[in-house]
Amino acid sequence: MLEIKFLRQNLSLIQKALDVRGETVDLDAFIKQDSERRAILLEIEDLRHQRNSVSEKIAQMKKNHEDATSLIDDMRSVSSNIKNLEKSLGASEEAIETILMGIPNIPHTSVPIGRNESDNTVVKQVGATTAFDYQPQAHWDLGEKLNILDFTRASKITGARFPMYYGTGAALERALISFMLDIHTKKHGYREVLPPFIVNQSAMTNTGQLPKFEEDLFKLQNWDYFLIPTAEVPVTNIHQGEILDAESFPIKYTAFTPCFRSEAGSYGKDTRGLIRQHQFNKVELVKFAHPDNSYDELETLLQNAERILQELKLPYQVINLCTGDLGFSAAKTYDIEVWMPAQGAYREISSCSNFEDFQARRANIRFRQKGHKGTRLVHTLNGSGLAVGRTFAAILENYQQADGSVIIPEVLRSYLGGIERISP
RNA sequence: GGAGAGGUGGCUGAGUGGUUGAAAGCGGCGGUCUCGAAAACCGUUGGGGGUUCACGCCCUCCGCAGGUUCGAAUCCUGUCCUCUCCGCCA
């Protein structure tokens with residue numbers, strides 16, 4: 001959410017931001033509602049002031065045992081007047097809230113202008129793409145032949161787009177989670193947190209999933225609760241409503257959680273394998289940062305996520321998302337894409353974003369700084385570090401051998417009892 | 001699931017219808033003292049909004065949402081959360 005005052009004073013800037021994002025919002029309706037609201041407010045505050053001062057007078061008169069009935073009668077009508085105006089005010093505020101909630105964040109100046117993903121820019125490529133002297137197999141074929149993945153039976157249990165792992169496959173997924181958490185906690189200084197996987201409506205609203213993207217979520221029946229689509233939601237909400245100390249910045253959390261996404265509108269896309277599932281595991285990185293250096297924090301967050309791929313020796317590239325591809329709440333996003341040999345393409349495995357104060361305003365997360373008056377909104381950032389299922393898939397495809405076996409990356413072996421290879 | 005207690009400012013904690021935005025203490029900030037620091041003492045210290053060029057003025061906020069009243073932190077209803085006891089349970 002943007003600040004209402006900022007919106008009022010920077011309409012053309014907001015309009016420009018909407019244009020480069022390819023979004024349309026009725027800003028004229030906002031202007032109209034906003035001036036209407038302020039007119040009502042003026043009237044209400046005047047009446048309230050009157051009520052306050054007369055009430056004080058009534059109190060005095062009662063103390064002196066004087067008759068105040070005529071004043072009380074006057075106030076009766078003032079009060080009912082206020083009550084009516086408050087109704088219109090409420091309606092007006094609601095209308096403004098709705099508009100405000102539908103306005104995306106303003107892209108940072110370093111975000112390339114573009115219409116869609118084809119306008120994203122490649123920041124860098126790391127590692128040569130894996131070479132094969134045969135046509136490399138897709139991870140779903142490898143996984144089923146190795147008897148470590150079973151999408152067929154998973155679909156009996158639930159339905160399409162749910163993964164099931166067996167044996168060394170299940171252990172590999174678990175090893176990846178531990179490995180990622182260990183790197184981030186021990187090498188990068190993040191604090192591990194294991195949050196709830198189900199959250200309420202306000203948590204979802206604070207991080208921006210609601211009200212606009214409810215169709216992407218799984219909602220519990222008879223509860224106002226949702227399955228989390230990412231650990232970003234519960235972890236960012238850890239500090240909702242709090243006033244933090246600037247000395248504590250940056251606050252860094254890492255969390256493993258499963259993630260649940262309805263993937264509405266993606267029917268027919270990535271139907272096979274681990275790339276697009278309704279349920280997947282992810283290790284998330286979340287930072288609360290000082291506004292003055294949140295973009296430096298974004299760079300290190302990105303490096304922290306990249307580190308995992310470097311340790312696993314997987315080739316990848318980093319993308320700067322253009323304005324048209326940027327998520328609703330983000331001001332800037334780097335995607336990390338891992339090389340998938342069977343597809344001959346880089347596929348997203350991490351998304352690292354700075355939300356500036358967009359989420360903090362909704363979640364009311366502020367900080368106080370020594371020597372400064374009042375409070376300011378913090379900047380929130382997060383990134384995948386990494387999507388575990390996609391990392392699993394990338395390992396299978398990049399580490400596959402001609403005989404159908406898969407070598408275990410060295411850094412993972414200690415997590416798997418020293419085994420070096422998964423064979424059929 | 002049953003019974004009870006409670007939710008007040010950064011924190012602890014007073015306050016049951018009329019200068020209570022809220023006592024007191026702690027913490028924070030500024031100062032006196034000191035070579036410096038500590039202690040002591042003095043002063044100061046919430047958020048949001050409207051309006052104004054500005055000084056300022058005003059409104060609002062005591063978990064949240066309603067209600068009663070001329071007037072509510074204080075009374076009533078609902079709701080959420082926390083705690084205690086009982087029951088059930090991984």
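Just so we're on the same page: letters track the sequence lines, and every chain starts at 1. Remember, it's a predicted structure, so these values are computed and weren't measured experimentally.
One C1' atom belongs to B:U51, the other to B:G63, and the distance between them is 31 Å to the nearest Å. Remark: the separation of the P atoms in B:G17 and B:A73 is 13 Å, to the nearest Å. To the nearest whole angstrom, the two P atoms, one in B:C64 and one in B:U45, are 25 Å apart. Comparing B:C42 with B:C33, their C1' atoms sit 11 Å apart, to the nearest whole Å. Across the P atoms, B:C70 and B:G7 are found 29 Å apart, a figure rounded to whole Å. For the C1' atom pair drawn from B:U79 and B:G6, the interatomic distance equals 16 Å after rounding to whole Å. Separation of the C1' atoms belonging to B:C86 and B:C26 is 39 Å when rounded to the nearest angstrom. For B:U8 and B:G21, the C1' atoms lie 11 Å apart once the distance is rounded to whole Å.
Salt bridge annotation for A:Lys219-A:Asp224: present, with a cationic side-chain nitrogen under 4.0 angstrom from a carboxylate oxygen. Between A:Arg48 and A:Glu86 a salt bridge is recorded (basic side-chain N to carboxylate O distance below 4.0 Å). Salt bridge A:Asp357/A:Arg361: present, at least one basic N to carboxylate O contact under 4.0 Å. Note on A:Arg161 versus A:Glu263: no salt bridge recorded, every NZ/NE/NH1/NH2 to OD/OE distance being 4.0 Å or above.
Ring planes of A:Tyr253 and A:Phe288: perpendicular class, angle over 60° (limits at 30 and 60°). Under the 30°/60° scheme for interplanar angles, the aromatic rings of A:His278 and A:Phe162 are found to be tilted. Under the 30°/60° scheme for interplanar angles, the aromatic rings of A:His188 and A:Tyr190 are found to stand perpendicular.
For the contact set between residues 76-99 of chain A and RNA chain B, defined by any heavy atom under 4.0 Å, the members are A:Arg76, A:Ser79, A:Lys83. Listed by residue number, A:Leu41, A:Leu42, A:Glu45, A:Arg48, A:His49, A:Arg51, A:Asn52 are the residues of residues 39-54 of chain A with a heavy-atom contact under 4.0 Å to RNA chain B. Applying a 4.0 Å cut-off to non-hydrogen atoms, the residues of residues 3-11 of chain A that approach RNA chain B are A:Lys5, A:Arg8, listed by residue number.
The backbone N or O of A:Tyr225 lies less than 3.5 Å from no partner atom in the side chain of A:Asn200, so there is not a single donor-acceptor pair. A donor-acceptor pair under 3.5 Å is formed between the side chain of A:Arg261 and the backbone N or O of A:Pro229.
Applying the salt bridge (charged side-chain N to carboxylate O under 4.0 Å, His left out) definition to pairs two or more places apart or across chains, those involving residues 6-16 of chain A are A:Arg8-A:Asp34. Sorted by first and then second residue, the pairs that involve residues 54-113 of chain A and meet ring-ring contact (aromatic ring centres under 6.0 Å, His included), not counting sequence neighbours, are A:His108-A:Tyr295.
Between the CE atom of A:Met75 and the P atom of B:A72 there is a distance of 13 Å, given to the nearest Å. Whole-Å rounding puts the A:Asp357 CG to B:G48 P distance at 13 Å. Spacing between atom CD of A:Glu242 and atom P of B:G9 amounts to 14 Å, rounded to whole angstrom units.
Among the nucleotides B:G47, B:U51, B:G18, the one closest to any side-chain atom of A:Lys62 is B:G18.
The line from OH of A:Tyr165 to CD of A:Glu173 is 3.5 Å long, rounded to the nearest 0.5 Å.
When each of A:Thr300, A:Asn304, A:Thr236, A:Thr380 is tested with A:Lys287 by the rule side-chain hydrogen bond (donor to acceptor under 3.5 Å, both in side chains), just one qualifies, namely A:Thr300.
Taking a pair as Watson-Crick or G-U wobble with both distances under 3.5 Å, RNA chain B forms stems of 3 or more consecutive pairs at B:1-7 with B:80-86, B:10-12 with B:24-26, B:27-32 with B:40-45, B:46-51 with B:56-61, B:63-67 with B:75-79.
By the neighbour-count criterion of 12 heavy atoms within 6.0 Å, atom CZ of A:Arg174 is sparsely surrounded, having that number or fewer from other residues, nucleotides or ligands.
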